[in-house]
Amino acid sequence: MSAAEGPLVVGVDTSTQSTKALVVDASTGQVVAGGQAAHTVSSGAGRESDPRQWWDALCEALRQCGDAAREAAAVSIGGQQHGLVTLDDRGEPVRPALLWNDVRSAPQARRLTEELGGAKFWAERTGSVPAASFTVTKWAWLAENEPDAVLATKAVRLPHDYLTERLTGQGTTDRGDASGTGWWASGTEAYDEEILAHVGLDPAILPRVVRPGEVAGTVRDSHDLPFSKGTLVAPGTGDNAAAALGLGLRPGTPVLSLGTSGTVYAVSRRRPADPTGTVAGFADAHGDWLPLACTLNCTLAVDRLATLLGLDREAVEPTTGLTLLPYLDGERTPNLPNATGILHGLRHDTTAGQLLQAAYDGAVHALLGALDLVLDEDADRSAPLLLIGGGARGTAWQQTVRRLSGRPVQVPEAKELVALGAAAQAAGLLTGEDPASVARRWNTTRGPVLDAVERDEDTLARISGVLSDAAPLLERGAEAH
């Protein structure tokens, strides 16, 4: 282990597939140790995981960190959003957690929207229109399909809450993760009694919402982790809010995250409320807001096209007149849940490399369209786009974003931004700083800035035109299958 200048903190990212832990020097941001362990997710109609696996994975990830973890003075958990964790009177899971990407509750999402005043009511009350990912829809699904599980439930938690509670013995959450449940009112920053009553959820079984900068608790005696009793535990937060902390975002700075799905977001001082449902009006983890839009088809869709064509994902060729809408799994932004991919403009001399570039163009077009809705009037629309996620280091992704945005692009060198954001939150407990200021002190956005190039208006207009003309096909989509 490298010699540390200041106290050590631990930041955790408990994601869909694995848990990662970083031990970080709170003074410099240097990562001095790290570990990772996998979880399993069910296949088939639902997406579920046993929360006890998250704890086991956390124990293993910290074991891999060695002695450094034992010296930590504070810890914070960042985690996958929206998941429904139901616990019995002993604190044991009643059933596996329903994860964010379990879409079985889509009918409940539609019904809840209609039953309680429509999309405008939900956007104004909670900041977001319910989608199948939101926790409130999962609770409604559970009540309808597994009433015995609901009767056995004595505590309802989110994934990061579950791990924090096992550390401290206290049921807590934070405003960032609570804002993705659908039962937290963004205007009053409190649980919404009308919504909870409508879905039959007793607010007494929900966690206390800890304020930014407040200590959620201390590590208790009985645990399997290398922390000392009394180690400070921060509130934690959801993964997107943690990544925003990890980047030290200032209001108006845009982020494009290129993963299996794509997300765009920016910190805002204005409380968002989009009745179209495109923008989720999340809270961030330090008192502001994090309007966010998500596309389902990003790196996974492009990689699938590359595989079908037998190409390396970087083997793109310039294209004119070819449009591919890569909605291979339906799409959330634009809202076309039954859509399939559409190809227009194929000619005898079209090459495989041009087809692959068209897939990139289609995915980035959707992300940039969503970004326009996320940014408010105070945002600097000439500032560099921060490009993060698995695709961010790909040359084809970088060049496509530059060409279609007309903006400079910055690619941070820092990896594991969710865990880094959690570590910054833990460090803030020790120093009294805002965690975003901690991350800026750590210079987490350091990385190359790619200059702006002229915006490719022709390609943007062509894709928009095909999208408009193909609307009847896209809305019909998979219904014929």
**Message:** Run Val264 and Leu292 through side-chain contact (heavy atoms from CB on, under 4.5 Å) and show every step you take.
**Reply:** CA-CA 6 Å; Val264 290; Leu292 177 147; over 6 Å; no
**Item:** Thr14: which of Ile77, Leu58, Val418 passes side chain to side chain contact (heavy atoms under 4.5 Å, CB included)
**Value:** Ile77
**Message:** Are there over 12 heavy-atom neighbours, none belonging to Arg250, within less than 6.0 Å of that residue's CZ?
**Reply:** no
**Request:** Working to the nearest 0.5 Å, report the span between NE2 of His286 and CD of Glu433.
**Result:** 13.0 Å
**Message:** Just verifying a value: how many Å separate Asp303 CG and Leu308 CG, rounded to the nearest 0.5 Å?
**Reply:** 11.0 Å
**Asked** Is the ring centre of Phe282 less than 6.0 Å from the ring centre of His82?
**Response** yes
**Item:** Donor-acceptor under 3.5 Å (Thr153 side chain, Ala149 main chain)
**Value:** yes
**Message:** Go through it in stages, so that I can follow the logic: the residues are Val449 and Val409, the test is side-chain contact (heavy atoms from CB on, under 4.5 Å), and I'd like the CA-CA distance, side-chain angles, deciding distance and then a yes or no.
**Reply:** CA-CA 6 Å; Val449 178; Val409 168; over 6 Å; no
**Prompt:** If you draw the axis of the six-membered ring of Trp183, does the NZ or CZ of Arg125 fall within 45° of it and under 6.0 Å from the ring centre?
**Reply:** no
**Prompt:** Rounded to the nearest 0.5 Å, what separation is found between the CZ atom of Arg47 and the CG atom of Leu99?
**Reply:** 9.0 Å
**Item:** Distance, nearest 0.5 Å, that separates CG of Leu328 from CZ of Arg304
**Value:** 8.5 Å
**Prompt:** Of all heavy-atom pairs between Glu331 and Thr333, which one has the smallest distance, and what is that distance?
**Reply:** OE2-N, 3.2 Å
**Item:** Closest approach of Ala285 to Thr237 (non-hydrogen atoms, all atoms of both residues)
**Value:** CB-OG1, 3.8 Å
**Message:** For Gln64, is the CD atom crowded, meaning more than 12 foreign heavy atoms sit under 6.0 Å from it?
**Reply:** yes
**Message:** Can you list everything that forms a salt bridge (charged side-chain N to carboxylate O under 4.0 Å, His left out) with Asp274? Sequence neighbours excluded, please.
**Reply:** none
**Prompt:** Got a donor-acceptor contact below 3.5 angstrom from the Ser105 side chain to the Ala132 backbone?
**Reply:** yes
**Request:** Return yes if some donor-acceptor pair links the side-chain N/O of Gln81 with the main-chain N/O of Asp177 below 3.5 Å, else return no.
**Result:** no
**Message:** If you apply the rule side-chain contact (heavy atoms from CB on, under 4.5 Å), what do you find for Thr299 with Trp397, and how did you get there?
**Reply:** CA-CA 9 Å; Thr299 61; Trp397 280 112; 3.9 Å; yes
**Message:** Between Thr168 (side chain only) and Thr218 (backbone N and O only), is there a donor and an acceptor less than 3.5 Å apart?
**Reply:** no
**Asked** Step by step, would you call Ser49 with Trp54 a side-chain contact (heavy atoms from CB on, under 4.5 Å)?
**Response** CA-CA 9 Å; Ser49 288; Trp54 306 336; 3.8 Å; yes
**Prompt:** If you draw a 6.0 Å radius around CZ in Arg313, do more than 12 non-hydrogen atoms from other residues or ligands fall strictly inside?
**Reply:** no
**Item:** Between CG on residue Leu98 and CD on residue Glu146, distance to nearest 0.5 Å
**Value:** 7.5 Å
